[in-house]
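Have a look at the structure below, then the notes.
Nothing here was measured: the structure is a model prediction, and the numbers come from that model.
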Number of protein chains: 2
Amino acid sequence: MRELIDKYKGQGFKMTPQRLAILKYLEGNTSHPTAEDIYKDIRKTYPTVSFATVYNTIETLCKRGDVMEVTIDPGRKHFDPNPAPHHHIICTSCNTIGDVFVDYSSALNLPESIRREYAVSGNHVDFYGICKACRGRKHDLKKT
Amino acid sequence: MRELIDKYKGQGFKMTPQRLAILKYLEGNTSHPTAEDIYKDIRKTYPTVSFATVYNTIETLCKRGDVMEVTIDPGRKHFDPNPAPHHHIICTSCNTIGDVFVDYSSALNLPESIRREYAVSGNHVDFYGICKACRGRKHDLKKT
DNA sequence: TATTATAATAGAATCGTTCTAAGTTGAATG
DNA sequence: CATTCAACTTAGAACGATTCTATTATAATA
């Protein structure tokens, strides 16, 4: 807790109870939550919290580089509190998202034609598969 | 034109003028248009076309496997009429999307820990960079 | 502890997308 | 050809995620 508070102390980040709750929820969280996931959790402690607070706080954290937006789900944004570059694997049955910590930069050679057109700055890989839990299930159980 | 009509003849795909216009717009199109891009173009010929028709037709084409949904832009869906597996490169300045026709499957080795958890079925790489046109510009010109 | 810039809140607004209900039409059939 | 009807088109309503607005509250600071 103290570490979290210290991390954000100073330079115009006003620490409020709501923000602290969001930071605590996100710290070490590998579930790639949506704004709604965060909202629902914070509401347990702060029943009057608004979506605006969740979105505003996420936006601030994204600008600080502490949270990354994950564009995988066509329906809504997911957020990843791990700012270290990494990749994702999505279960095509239940839609849960896992992390892949491998640097593929040297493996992802681009053809000359592309390198002529673009000054390439980064890459991100999405893997698709079926997770263990889903393989052990008869019917798909999409996470809503 | 004839080829297009023949391609879709039979098995319950009713060819309408609007659908033909959408198919013509999409054929060989590498611009990764949004529903709105398609709508605006079709409206030039069919001013009363509705978004529902665009979305319905895209959905039908996606189900047939002739069009792929591209989940790169957090704000809206883009569509790719090239169903062959390939990757994308996004200009972080103007947001335009290019194609990368390289099969990286053998280069994208997953760690044992992931392979234990997932039956992996596919992958997709997003590259990021600045396109030539944007490098020749002083200020960013985001495509809206 | 007074000040003030920043944040929280409720609710309205917006945007992309999906749904609905009614009217229309392509194409299969006689 | 004319008939039939499932499939399509349409306008507009509905929806869900996100953003905005106006007001009130509060953390940080001096």
The side chain of [X] is closest to which nucleotide in this list: [options]?
X     : options                : value
A/T16 : D/dA17, C/dT9, D/dA27  : D/dA27
A/R19 : D/dT10, C/dG26, C/dA7  : C/dA7
A/K77 : D/dT19, D/dT9, C/dT17  : D/dT19
A/K14 : D/dG12, D/dA27, D/dT9  : D/dA27
B/A52 : D/dA11, D/dT19, C/dG16 : D/dA11
A/Y55 : D/dA17, D/dA27, D/dT9  : D/dA17
B/R76 : D/dA17, C/dT17, D/dT18 : C/dT17

Expressed in angstrom and rounded to an integer, what is the separation of [X] atom [atom1] from [N] atom [atom2]?
X     : N      : atom1 : atom2 : result
A/Y8  : D/dA27 : OH    : C1'   : 17 Å
B/K63 : D/dA7  : NZ    : P     : 12 Å
B/D73 : C/dT17 : CG    : C1'   : 14 Å
B/E69 : C/dG16 : CD    : C1'   : 12 Å
A/I5  : D/dA28 : CD1   : P     : 9 Å
A/N56 : D/dT26 : CG    : C1'   : 16 Å
B/L20 : D/dT9  : CG    : P     : 11 Å
A/Y39 : C/dT9  : OH    : C1'   : 11 Å

Do B/R64's NZ or CZ and the ring of B/F13 fall within the cation-pi criteria of under 6.0 Å and 45°?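 Yes; both conditions hold, so B/R64 lies above the ring face of B/F13.
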Find out whether the Lys NZ or Arg CZ of A/R135 is both under 6.0 angstrom from the six-membered ring centre of B/Y118 and within 45° of the ring's axis.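 No - A/R135 does not lie over the ring of B/Y118 by the 6.0 Å and 45° rule.
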Of B/T34 and A/F13, the one whose closest DNA chain C nucleotide lies more 5':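 So the residue in question is A/F13.
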If each of B/G75 and A/Y46 is mapped to the nucleotide of DNA chain C with the nearest heavy atom, which maps nearer the 5' terminus, i.e. the 5' end?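 The residue closer to the strand's 5' end, by nearest nucleotide, is A/Y46.
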Side-chain donor or acceptor of [X] paired with backbone N/O of [Y] under 3.5 Å:
X      : Y      : value
A/H124 : A/G122 : no
A/N29  : A/L26  : no
A/S121 : B/Y128 : yes

Under 4.0 Å between a side-chain N/O of B/T48 and OP1 or OP2 of D/dT10, yes or no?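 Checking D/dT10 against B/T48, a side-chain N or O does come within under 4.0 Å of OP1 or OP2.
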On the nucleotide D/dT26, are OP1 or OP2 found under 4.0 Å from the side-chain N or O atoms that A/Q18 carries?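 For D/dT26, neither OP1 nor OP2 has a side-chain N or O of A/Q18 closer than 4.0 Å.
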What's B/T53 touching, base or sugar-phosphate or nothing? Going by heavy atoms closer than 4.0 Å.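 Touches a base.
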B/Q18 and its side chain to side chain contact (heavy atoms under 4.5 Å, CB included) partner, picked from B/V49, B/L23, B/T48, B/V54: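 By the side chain to side chain contact (heavy atoms under 4.5 Å, CB included) criterion, B/Q18 pairs with just one of B/V49, B/L23, B/T48, B/V54: B/V49.
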Hey, which sits more toward the 5' end of DNA chain D by its nearest nucleotide, B/F51 or B/G12?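 Going by which nucleotide is closer to the 5' end, it is B/G12.
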